[in-house]
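First up is the structure itself, then whatever we jot down about it.
All chains are named by letter (A, B, ...) in the order of the sequence lines, taking the proteins before the strands, and each is independently numbered beginning at 1.
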Amino acid sequence: MIRVREPHPWPSTEAEAIAIQEKLRPLVRFDGEPAEVRTAAGLDVAYRDDSDELVAAVTVLNVADLSVVDSVVVCGKPEFPYIPGLFAFREAPSLLEALKKLSVVPDVLVCDGQGLAHPRRFGLACHLGVLTDLPSIGVGKTAMGRYEPPDEQRGEWSPLRMDDEVVGRALRTQRGVKPVFVSVGHRYTLDGACDLVLRLAPKYRLPETTRTADHLGRTQD
DNA sequence: GCGACAG
DNA sequence: ATCTTGTCGC
């Protein structure tokens, strides 16, 4: 099963959270990309209508046929307010609890958000990757950085930049549809990440990993 | 000071 | 994240 490096005490202030990101950032590795990716996990969090509770959902897909081979749902509470750049502190605790309950260890975590495409180069995908030491990538629906629209054909992409640095890619997964924003989390390459996202999104804009996790969390009333 | 700002 | 109509396509 997945072993989670027990995190640092969870921060209660913005300054503490930023200090934790700066401390963990050097632990991001860029080597160790899996030779073949047979299973990929989708991670997503839904917010319930009434209470202040959230639902963390994880699905594991067989990349070959996109079938769901495992899934976990856990309810929790936001451990931190939503602050751009500190998103992980809100959702990571519940997602880590869900990951611990998986019966299989996926080859890669496909996170709903950014990886290196982050003000301090340590988005949710990096954070979860480092804490589990699993390969991870980030796939965001909106960008934090600047980019030129890629050509309209599926598979086309353009660099995503922050501070004059390439931090990811705007990747067109379907012709004529808004691109998704792919960045490396941990133990992965940007080429490999885009390759994987295209394999996981043969029909829709978002990868099936994200779609199945989103659906699972949303229907868990 | 002002705008921008993953989910 | 979530609030929201009608509409086009599979």
Side-chain angles (χ1 to χ4, degrees), chain A residues 10-11 14 17-18 20-21 24-25 28 41-58 66 73-96 98 109-131 136-147 154 160-171 173-186 190 193 197 201-221:
Chain A
W10 217 244
E14 199 167 330
I18 291 174
I20 290 167
Q21 290 182 331
L24 293 180
R25 179 176 49 187
V28 172
L43 292 71
D44 188 46
V45 171
Y47 293 82
R48 317 193 72 155
D49 290 346
D50 47 13
S51 62
D52 55 347
E53 285 193 320
L54 55 76
V55 181
V58 178
L66 301 182
V73 180
V74 305
C75 293
K77 297 195 172 185
E79 300 292 323
F80 206 78
Y82 171 66
I83 299 172
L86 301 178
F87 180 48
F89 294 98
R90 180 174 178 80
E91 297 195 341
S94 300
L95 288 172
L96 290 168
L109 306 179
V110 179
C111 305
D112 186 21
Q114 317 296 329
L116 294 177
H118 175 277
R120 288 168 293 281
R121 309 296 181 270
F122 198 72
L124 175 67
C126 300
H127 208 133
L128 291 174
V130 164
L131 257 37
S136 66
I137 67 172
V139 181
K141 293 183 283 292
T142 61
M144 289 193 95
R146 302 170 48 82
Y147 68 98
R154 166 177 156 86
L160 177 65
R161 293 192 174 81
M162 292 182 76
D163 310 315
D164 280 317
E165 190 179 336
V166 174
V167 295
R169 286 179 191 164
L171 175 66
T173 55
Q174 297 298 321
R175 178 182 183 122
V177 169
K178 176 181 174 178
V180 297
F181 304 92
V182 179
S183 59
V184 166
H186 183 57
L190 189 50
V197 170
K203 186 163 176 150
Y204 300 107
R205 176 186 178 228
L206 296 177
E208 288 299 315
T209 38
T210 304
R211 289 168 46 79
T212 53
D214 180 85
H215 180 266
L216 179 60
R218 193 172 305 225
T219 53
Q220 202 69 16
D221 270 298

query = Over how many whole Å does the gap from D112(A) atom CG to dG7(B) atom P extend?
reply = 6 Å
task = Could you tell me the separation between the CD atom of E91(A) and the P atom of dA1(C), rounded to a whole number of Å?
result = 9 Å
query = Can you tell me how far C1' of dA6(B) sits from NZ of K178(A), to the nearest Å?
reply = 11 Å
task = Quickly work out the M162(A) CE to dA6(B) C1' distance and round it to whole Å.
result = 10 Å
key: Separation of dA6(B) P from R121(A) CZ (nearest whole Å)   = 15 Å
task = Mind checking L54(A) for me? I need base, sugar-phosphate or nothing, with any heavy atom below 4.0 Å counting as a touch.
result = nothing
Sugar-phosphate, base or nothing in reach of G123(A), heavy atoms under 4.0 Å = base
key: Candidates dC5(B), dA1(C), dC10(C) - which lies nearest the side chain of K203(A)   = dC10(C)
inquiry  = By the 4.0 Å heavy-atom rule, please label L86(A) as base, sugar-phosphate, or nothing.
reply    = base
key: Phosphate OP1/OP2 of dC5(B): any T142(A) side-chain N/O under 4.0 Å   = no
query = For G138(A), which contact category applies under a 4.0 Å heavy-atom criterion: base, sugar-phosphate, or nothing?
reply = nothing
task = Please confirm whether the backbone N or O of H186(A) pairs with a side-chain atom of S136(A), one donor and one acceptor, at under 3.5 Å?
result = yes
query = What integer distance in Å separates L109(A):CG from dA6(B):C1'?
reply = 17 Å
request  = Look only at the side chain of R25(A) and the backbone of R120(A), and say whether a donor-acceptor pair between them is shorter than 3.5 Å.
outcome  = yes
task = Output yes when D44(A) and R211(A) qualify as a salt bridge under the 4.0 Å nitrogen-oxygen rule, no when they do not.
result = no
query = Over how many whole Å does the gap from D52(A) atom CG to dG7(B) atom P extend?
reply = 22 Å
request  = Tell me whether Y82(A) is stacked on the nucleobase of dG7(B), counting only the six-membered base ring and applying the 5.5 Å and 30° thresholds.
outcome  = yes
request  = Compare side-chain N and O positions of K141(A) against OP1 and OP2 of dA1(C) and report whether any pair is under 4.0 Å apart.
outcome  = yes
note = Note: C111(A) and L124(A) closest approach over all heavy atoms is CB-CD2, 4.4 Å
query = What is the ring orientation for H127(A) with F89(A), classed by angle as parallel under 30°, tilted 30 to 60°, or perpendicular over 60°?
reply = perpendicular
Nucleotide dC3(C), atom C1' - distance to CZ of R48(A) in whole Å = 19 Å
request  = Please determine, for the side chain of F87(A), which listed nucleotide (dC10(C), dA6(B), dA1(C)) has the closest atom?
outcome  = dA6(B)
